[in-house]
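Written below as structure tokens is the structure these notes are about.
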Amino acid sequence: MSARVPENNFYRKLRETLDLHWLYETTKKYYGSEGQPSIDPVVFFKLILIGYFENLGSDRRIINQVTLRMDLLYFIGYDIDEPLPWHSTLSRTRQLYGQEVFKQLFRDVLKQCIEKGMVAGARQAIDSVQIKANASLDTLKEKEILEDGELYAVNLKEEDEQQPDDDDCSANKWSNKTHYSSTDPDSRIATKPGKTTDLKYLGQVSVDTASHVITEVQIHHADRRDSQCLEKMVAGVTENLQAEGLIVEQVLSDSGYSSTDALQCLQDNDITGYIPNHGRYKTERKGFTYDKENDCYVCGQGVQLRYTGIHVGNDGQPRKEYRSSARDCRNCPLRKQCIGKSSQKRIRELVNRHLFDNMHKRMQTKYGRTMMKLRQSTVEPVLGTLVNYLGMRRINTRGIEQADKGLLMAATAYNLKKLLKFQAPKVNVIIKAMEKAHQILNANLYLLFRVLGSLNRTNGKLVDQF
Ligand code: SF4
């Protein structure tokens, strides 16, 4: 088999790079000592990886593809006439192994990337992608109203707060508040502007900006906001990198990750965020000044708007509410422009506003703008590759735990591709850079000697001193 697979074949190189022998010890607990022999764990993970490398959407297609390709057979260590595992064995084994085995494989490959010098660790770009679940909208069923009406009301309120603004499910007859999928209850109805409403999961991805290696992936329910996932993502990426002695210093994300809790989490972890503030942030309240000492706003007419309490809006953000008294506004000449038909003026201000003010200042700098461009060019192409070439357009399993395993394997496949590609171009770049430096040095030395030569001819003493 080896003689028939070319030297530069991807799967031959992968077989030489990927050492999965640790899997025998890790997966030992999942096997009994009696009954039919099960699939070899190394063969299982290699077959699953092939599914992502070749963008094959089902276990049946993986087995069919391996049957036809000699390099794939060589990669999994099978002979040409050796019977392959049955496709349903892959599905059963995927469910059998716990999430920790898939996570360990992801970390093992990440460790190899770090050892090769591909990961700097200090700067991480985080973004998300909605991935279609393995369930159809036809499977939606109405939620039964719980016996405890009060608890039902609380559940509805919580779901309402988690619902993203761009969730346009109200136009349809179902929503996450009232419906669930009977085939995959973990999936959620979700949509994005310009995209169809469907049952989806939310994949969160963290990418190192040095060589675009994926440093953490997580699956969340699709009705969660990005800002609600940031804390868990930061904890995950910090744990993965700290294990290899790297420290996260900066996080780059889009405005979807902007919230009081998210910014507070970055501050608590000594991480500098580069996250544009969300649209509701206002740099100033026109016509009103903030009196820090008395914690109130004062309008142009000298009327105080006093603090009345915390208000949590539909976006889940807690805000401090300030109100004027109806008596003060009753005879104001600006009443129509200021409060219209309302009887009093109301201002709602973000809690911990200083976090947003600091972020605003940071994002206005040249460095802040450069970081935003860097975020875009780092994480967005990675998400595109995962969706278009590594099978993450759709999850082919059911349940959030299985979906998480799928995203972990897609990220592992992505990092392995990076790892194999990394060697040759990097050496070339270093050689080219050294050649260039050598040429510049030669040219400068030549010029220097020319100058010294001409000085020598005109003034010998000066040359000696020089
Ligand atoms: S309406 Fe009330 S809050 Fe607005 S400017 Fe007049 S007094 Fe001030």
Side-chain angles (χ1 to χ4, degrees), residues 153-154 156-171 175 177 193 224-228 230-231 253-268 273-365 368-369 372:
V154 171
L156 279 185
K157 189 171 182 289
E158 276 174 11
E159 285 187 13
D160 194 28
E161 282 165 7
Q162 286 181 2
Q163 200 73 19
D165 290 345
D166 51 13
D167 191 344
D168 193 25
C169 299
S170 56
S175 84
K177 295 174 200 168
R224 279 182 76 80
R225 294 167 183 283
D226 286 337
S227 57
Q228 291 173 320
L230 190 72
E231 192 172 347
S253 306
D254 61 27
S255 58
Y257 290 84
S258 172
S259 77
T260 309
D261 290 344
L263 299 187
Q264 190 65 53
C265 156
L266 293 181
Q267 186 172 293
D268 295 346
Y274 288 89
I275 306 173
N277 288 329
H278 52 70
R280 292 186 193 87
Y281 168 79
K282 289 191 175 104
T283 46
E284 55 171 11
R285 299 269 173 187
K286 223 173 173 184
F288 295 85
T289 47
Y290 180 63
D291 180 349
K292 202 173 176 181
E293 208 173 299
N294 299 311
D295 189 22
C296 68
Y297 276 89
V298 182
C299 75
Q301 302 295 309
V303 167
Q304 277 191 349
L305 279 73
R306 293 200 179 84
Y307 172 65
T308 55
I310 298 285
H311 176 270
V312 181
N314 282 342
D315 59 357
Q317 299 271 334
R319 287 182 172 79
K320 289 170 86 175
E321 190 167 273
Y322 299 87
R323 286 183 188 217
S324 65
S325 81
R327 198 165 35 141
D328 286 336
C329 296
R330 196 176 298 147
N331 300 317
C332 174
L334 301 173
R335 185 190 160 104
K336 203 173 170 189
Q337 301 95 301
C338 184
I339 52 176
K341 287 181 182 172
S342 176
S343 61
Q344 57 184 167
K345 178 70 182 175
R346 190 182 64 186
I347 288 179
R348 281 182 184 157
E349 197 52 89
L350 290 157
V351 175
N352 286 339
R353 193 194 151 92
H354 66 280
L355 294 172
F356 293 90
D357 289 339
N358 292 344
M359 184 61 74
H360 179 72
K361 276 185 212 150
R362 199 176 301 143
M363 296 310 296
Q364 296 309 304
T365 60
R369 287 196 292 273
M372 270 307 89

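Just so you know, ligand 1 is whichever comes first in the structure, and atom 1 is the first atom listed for that ligand. In what follows, every heavy atom counts, from backbone to side chain, and hydrogens, waters and symmetry copies are set aside.
Within a 6.0 Å sphere centred on CZ of R285, other residues, nucleotides and ligands contribute more than 12 heavy atoms. In this structure, Q344 places its CD atom where more than 12 heavy-atom neighbours from other residues, nucleotides or ligands lie under 6.0 Å away.
In this structure a side-chain-to-backbone donor-acceptor pair under 3.5 Å is present from R362 to G273.
Distances from atom 6 (Fe) of ligand 1 under 2.8 Å pick out these protein N/O/S atoms: C332 SG.
The aromatic rings of Y322 and Y290 sit perpendicular to each other, their planes meeting at more than 60°, with 30° as the lower class boundary. In this pair, H360 and Y281 present their aromatic rings tilted. The plane angle is within the 30 to 60° band.
Shown here are the side-chain hydrogen bond (donor to acceptor under 3.5 Å, both in side chains) partners of N352, two or more places apart in sequence or in another chain: Q264.
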